[in-house]
Number of protein chains: 2
Amino acid sequence: MSAPNANANAIVDPGPGAPKTARGARTRARILKAAESTFGTLGYHRAGISDITRDAGVAQGTFYNYFAGKEEILRELVRDMGHQVRARLAAEVVNARDRLEAEEKGLRAFLEYLHDNPYLYRVLQEAQFVDESIYREYYEAFGRGYLRMLADATRKGEIRSGNNEVRVWALMGMSNFLGLRYALWEGDVSFDEIVATISDLFRHGLAIDGLDRKP
Amino acid sequence: MSAPNANANAIVDPGPGAPKTARGARTRARILKAAESTFGTLGYHRAGISDITRDAGVAQGTFYNYFAGKEEILRELVRDMGHQVRARLAAEVVNARDRLEAEEKGLRAFLEYLHDNPYLYRVLQEAQFVDESIYREYYEAFGRGYLRMLADATRKGEIRSGNNEVRVWALMGMSNFLGLRYALWEGDVSFDEIVATISDLFRHGLAIDGLDRKP
DNA sequence: CCCAAAGGTGAATGAGGTGTCATATTCAGC
DNA sequence: GCTGAATATGACACCTCATTCACCTTTGGG
């Protein structure tokens with residue numbers, strides 16, 4: 001709100017110094033990885049730069065050789081993690097025979113990914129309140145890809161026509177909450193069961209209407 | 001971690017003082033309301049106690065007459081807001097003729113509620129990382145009510161049988177994301193359109209034909 | 001081997017903010 | 001109206017941390 005922090009998003013600053021040697025690149029990577037686990041376990045606010053640098057095995061000052069500050073490393077981290085998830089999901093989904101199968105594979109892959117990388121959720125969700133644009137960027141990027149796939153599927157006649165944009169947000173919300181509840185909090189329901197439940201919803205809806213058979 | 005602040009969580013303190021007079025009750029309420037808007041706009045971490053007390057029109061010290069600290073007032077706030085939403089949604093949904101209609105009414109009411117009370121989302125989501133139990137309590141309470149309604153609907157033959165627990169989390173996730181995107185961020189799609197899209201999903205699924213996929 | 005550029009160090013700085021406390025004011029019952 | 005209890009005050013002690021900086025060490029091309 002006040003003036004002094006307005007410079008944060010002035011120009012896409014390449015950072016105080018991109019590493020120019022192999023050693024520098026290694027150090028930068030170590031710091032970034034340390035930030036992931038530190039933010040992931042302690043949370044953004046509780047985590048101090050000193051926690052990150054200790055974890056990375058470097059001095060505090062070294063941090064500022066590569067990142068302008070705490071907020072910038074968060075931004076970097078979210079961008080990085082976003083790429084990873086999208087790459088992973090894309091790989092899992094690429095050989096699905098139709099959209100419904102892709103949804104199943106995608107949901108399972110997402111749950112598995114979250115289970116193996118529990119930091120993603122926390123870092124991402126906290127980023128929302130540090131700088132909303134980081135968060136929006138993540139989901140809008142994710143959503144754009146998703147939308148393209150739904151549009152394809154509509155064109156191919158694999159799914160009902162409808163407002164695919166709205167659907168994208170609904171689907172992302174589902175995955176998000178299912179992941180939080182069943183991949184991060186309590187694994188009391190198998191991923192198979194979850195995928196089957198959601199798949200049934202996609203294939204038949206929730207309603208028992210005249211055409212559907214009873215179990 | 002160090003010794004001096006260890007008393008913070010010694011015993012489950014019922015709060016430093018529940019108000020004993022009408023004036024006290026009013027003051028406490030003013031502080032709570034101020035905390036809602038302050039946390040809602042600035043966020044939990046950026047918000048200082050001084051911001052809250054300034055907004056409430058009381059001195060900083062007064063705050064500690066009613067709340068043990070910043071975390072406790074957040075806890076109180078989430079509990080309070082949770083009651084309000086659930087009451088509102090229950091009221092909107094009570095005269096629906098079947099579950100599908102209830103879902104429609106419920107989703108619309110939730111979107112409208114969020115639009116009118118934008119602080120709910122921020123306070124709730126931030127609470128997650130201040131003390132996860134506050135957050136889980138909110139959604140688990142919400143989920144319990146939801147589950148009961150789905151179980152009822154299953155019994156009445158209004159919806160397909162299936163894992164209603166998983167469904168509950170999927171549905172909460174949908175509402176949450178749709179609310180964030182369309183009620184808080186950008187109102188570029190009407191609530192009618194959103195409700196219609198989701199209703200179609202519930203009634204027919206995503207697949208092109210209600211029965212099964214193509215050969 | 002040399003040496004300029006790159007990388008690394010960690011103590012010092014200072015802003016920001018929570019919670020305390022001694023004191024002042026208001027309330028409610030008598 | 002008196003008086004003890006409740007409530008309100010706000011300056012400040014105290015601490016946590018992000019960031020800076022002057023100086024040292026390593027790297028790698030010539």
> Does a side-chain heavy-atom distance below 4.5 Å link A:Arg79 with A:Glu137?
Replying inline: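 Yes, at least one pair of side-chain atoms sits under 4.5 Å.
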> Can you find a pair of side-chain heavy atoms, one from A:Gln84 and one from A:Tyr113, that are under 4.5 Å apart?
Replying inline: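 A side-chain contact under 4.5 Å exists here.
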>> Between A:Gln128 and B:Tyr121, do the side chains contain a donor N or O and an acceptor N or O under 3.5 Å apart?
In response: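 There is such a pair (donor and acceptor under 3.5 Å, judged by atom type) between the side chains of B:Tyr121 and A:Gln128.
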> Without hydrogens or angle criteria, can the side chains of B:Asp192 and B:Ser190 be said to hold a donor-acceptor pair below 3.5 Å?
Replying inline: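 No, because no side-chain N or O of B:Asp192 sits under 3.5 Å from a partner of the opposite role on B:Ser190.
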Whole angstroms only, please: what is the [atom1]-[atom2] distance between [X] and [N]?
X: A:Phe67; N: D:dA18; atom1: CZ; atom2: P; value: 15 Å
X: B:Lys70; N: D:dT16; atom1: NZ; atom2: C1'; value: 13 Å
X: A:Ile49; N: D:dT16; atom1: CD1; atom2: P; value: 17 Å
X: A:Arg54; N: D:dC17; atom1: CZ; atom2: C1'; value: 12 Å
X: A:His45; N: C:dG16; atom1: NE2; atom2: P; value: 16 Å

> Is there a donor-acceptor pair closer than 3.5 Å between any side-chain N or O of B:Asn117 and the backbone N or O of B:Tyr119?
Replying inline: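 Not a single qualifying donor-acceptor pair exists.
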> Is there a donor-acceptor pair closer than 3.5 Å between any side-chain N or O of B:Glu126 and the backbone N or O of B:Tyr44?
Replying inline: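 Here the side-chain-to-backbone pair exists.
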>> Considering every strand and a 4.0 Å limit on heavy-atom distances, what is the contact class for B:Ala56: base, sugar-phosphate, or nothing?
In response: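 Result for B:Ala56 = nothing.
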> Where each residue is assigned the nucleotide of DNA chain C containing its nearest heavy atom, which of B:Arg26 and B:Tyr44 is assigned the position nearer the 5′ end?
Replying inline: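 By nearest-heavy-atom nucleotide position, the 5'-most residue is B:Tyr44.
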> Under the side chain to side chain contact (heavy atoms under 4.5 Å, CB included) test, which residues partner B:Ala96, sequence neighbours left out?
Replying inline: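 Listed in chain order: B:Glu101, B:Ala102, B:Lys105.
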> Contacts to DNA chain C from residues 33-42 of chain A, heavy-atom cutoff under 4.0 Å, which residues?
Replying inline: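 Correct list: empty, so none.
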>> Within the 4.0 Å limit for protein heavy atoms, which parts of nucleotides 2-11 of chain D are touched? Write it as a string from 5' to 3', B for base, S for sugar-phosphate only, - for none.
In response: ----SSBBB-
> Rounded to the nearest 0.5 Å, what separation is found between the CG atom of A:Asn176 and the CZ atom of A:Phe142?
Replying inline: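 If we round to the nearest 0.5 Å, A:Asn176:CG and A:Phe142:CZ are 9.5 Å apart.
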